[in-house]
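What follows is one structure encoded as structure tokens, with my remarks underneath.
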Amino acid sequence: MSGFARRLGGMPWREFAASAFSGTFLLAQALCAIHVVNAHVFSFALLRGASMLPTVNLAGDVVVVDRVSPRLGRVANGDAVLLISPKDPRKLVVKRVVGMEGDAVTFLVDPGNSDASKTVVVPQGHVWVQGDNIYASRDSREFGPVPYGLITGKIFCRVISLPLYYGSFICH
């Protein structure tokens, strides 16, 4: 038997295997914990677009999304929320809650072209959401009241504004 084979035969393979298994198991636990926190406690989101100007930077903002508050019913008028788009369920959108169930909401029907307004009472289990920039937002004025269950999170804190040289740290 060669010297190399003798050295291989003398290695503590069981200890190596146990150590590798232990490290892999620890990594799997950490990844599971990260997933649970991201899906159910808080997460980060990149917001872009003109519908929430001037609150959200057109180039984009990275925000912290509170995932617990909507489950506990702690969403109120004035909160910026992350929700599943009623028009395209594959997309998430950010809008501001303007009316809760039972509220009468008055809005401009076509803000760019007329002063005509309409009043709607928000039905039970729904919210009325609008973008801060009424001229460039597709919101409840277009698709009506949104079921409360479509709200996936409440915007809690802006971490950074893009481009990075306009960075800020603002929490509400």
Side-chain angles (χ1 to χ4, degrees), residues 26-112 120-172:
L26 183 62
L27 177 64
Q29 286 179 321
L31 291 175
C32 287
I34 289 169
H35 169 71
V36 167
V37 168
N38 185 51
H40 302 290
V41 181
F42 73 90
S43 63
F44 294 93
L46 173 62
L47 311 180
R48 288 181 288 164
S51 73
M52 287 297 287
L53 279 173
T55 306
V56 174
N57 184 8
L58 186 61
D61 286 339
V62 177
V63 297
V64 179
V65 180
D66 170 13
R67 303 261 184 200
V68 176
S69 292
R71 289 188 180 99
L72 299 178
R74 293 185 182 156
V75 173
N77 284 338
D79 288 342
V81 293
L82 184 68
L83 59 113
I84 299 168
S85 171
K87 288 284 191 185
D88 184 359
R90 295 172 295 168
K91 292 173 86 176
L92 293 174
V93 295
V94 175
K95 303 293 176 197
R96 188 165 309 279
V97 176
V98 176
M100 300 297 289
E101 62 182 46
D103 290 351
V105 178
T106 302
F107 62 95
L108 295 174
V109 177
D110 188 11
V120 174
V121 175
V122 181
Q124 184 175 1
H126 289 69
V127 293
W128 189 270
V129 294
Q130 289 183 340
D132 289 351
N133 181 2
I134 64 171
Y135 301 104
S137 180
R138 302 176 91 186
D139 48 36
S140 287
R141 294 171 297 150
E142 180 181 324
F143 46 73
V146 176
Y148 188 87
L150 292 182
I151 298 175
T152 62
K154 184 165 80 169
I155 305 302
F156 170 68
C157 180
R158 177 177 23 227
V159 177
I160 197 163
S161 289
L162 301 175
L164 295 176
Y165 54 83
Y166 290 124
S168 63
F169 187 80
I170 301 171
C171 292
H172 301 286

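Everything numeric in this text was worked out from a predicted model, so none of it was measured.
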Next item on the list: Give a yes or no answer on whether the side chain of S140 reaches the backbone of V129 with a donor-acceptor pair at less than 3.5 Å.
Entry: yes

Check: Is there a side-chain contact between N77 and M100, using heavy atoms and a 4.5 Å cut-off?
Finding: yes

Notebook entry, point to check: Does the pair R67 and L82 meet the rule for a side-chain contact (heavy atoms from CB on, under 4.5 Å), with working shown?
Noted result: CA-CA 9 Å; R67 303 261 184 200; L82 184 68; 4.2 Å; yes

Note to self: Just so I know, are the side chains of V65 and F44 near enough to count as touching, which here means a heavy-atom distance under 4.5 Å?
What the structure shows: no

Item checked: Distance, nearest 0.5 Å, that separates OH of Y135 from CG of D110 -> 10.0 Å

Notebook entry, point to check: Applying the side chain to side chain contact (heavy atoms under 4.5 Å, CB included) test to V62, which of I160, N57, L47 qualifies?
Noted result: I160

Checklist line | Atom pair CG/CG of L92 and L46 - distance to nearest 0.5 Å | finding: 12.0 Å

Notebook entry, point to check: With side chains defined as the heavy atoms from C-beta onward, is the minimum distance between V68 and F42 less than 4.5 Å?
Noted result: no

Checklist line | Heavy-atom closest contact (T152 atom, P70 atom, distance) | finding: C-CG, 4.2 Å

Next item on the list: With the side chain counted from C-beta on, respond yes when D103 and V121 share a heavy-atom pair under 4.5 Å apart, and no when they do not.
Entry: no

Check: Side chains of Q130 and S137: closer than 4.5 Å at any heavy-atom pair?
Finding: no

Checklist line | Polar side-chain atom of E101 near backbone of G125 as donor-acceptor pair, under 3.5 Å | finding: yes

Checklist line | Closest approach of A80 to M52 (non-hydrogen atoms, all atoms of both residues) | finding: CB-CE, 4.4 Å

Note to self: Less than 4.5 Å apart, side chain to side chain, heavy atoms only: is that true for V75 and V127?
What the structure shows: no

Check: If you look only at pairs with a residue in residues 121-139, which of them pass as a salt bridge (charged side-chain N to carboxylate O under 4.0 Å, His left out), with sequence neighbours excluded?
Finding: R96-D132, R138-E142, D139-R141

Check: Which heavy atom of V146 sits nearest a heavy atom of P86, and at what distance?
Finding: CG2-CG, 4.0 Å

Next item on the list: Scan residues 27-40 for pairs that pass side chain to side chain donor-acceptor pair (under 3.5 Å), counting only residues two or more places apart or in two chains.
Entry: H40-R71

Check: Do the non-hydrogen side-chain atoms of V63 and V159 ever get within less than 4.5 Å of each other?
Finding: no

Checklist line | Residues R158 and D61 bridged, charged N to O under 4.0 Å | finding: yes

Next item on the list: Quick one: pull up CG in L58 and OG in S161 and give me the separation to the nearest 0.5 Å.
Entry: 11.5 Å

Next item on the list: Working to the nearest 0.5 Å, report the span between CG of D66 and NZ of K154.
Entry: 6.0 Å

Check: So, D88 side chain and R90 main chain: donor-acceptor pair closer than 3.5 Å or not?
Finding: yes

Check: So how far is it from S69 OG to I151 CD1, rounded to the nearest 0.5 Å?
Finding: 11.0 Å

Note to self: What I'd like to find out is whether the side chain of V94 reaches to under 4.5 Å of the side chain of V81, using heavy atoms alone.
What the structure shows: no

Item checked: Atom pair CG (L83) and NZ (K91), whose distance is rounded to the nearest 0.5 Å -> 12.0 Å

Checklist line | Non-hydrogen atoms of S51 and K95 that approach each other most closely | finding: OG-NZ, 3.1 Å

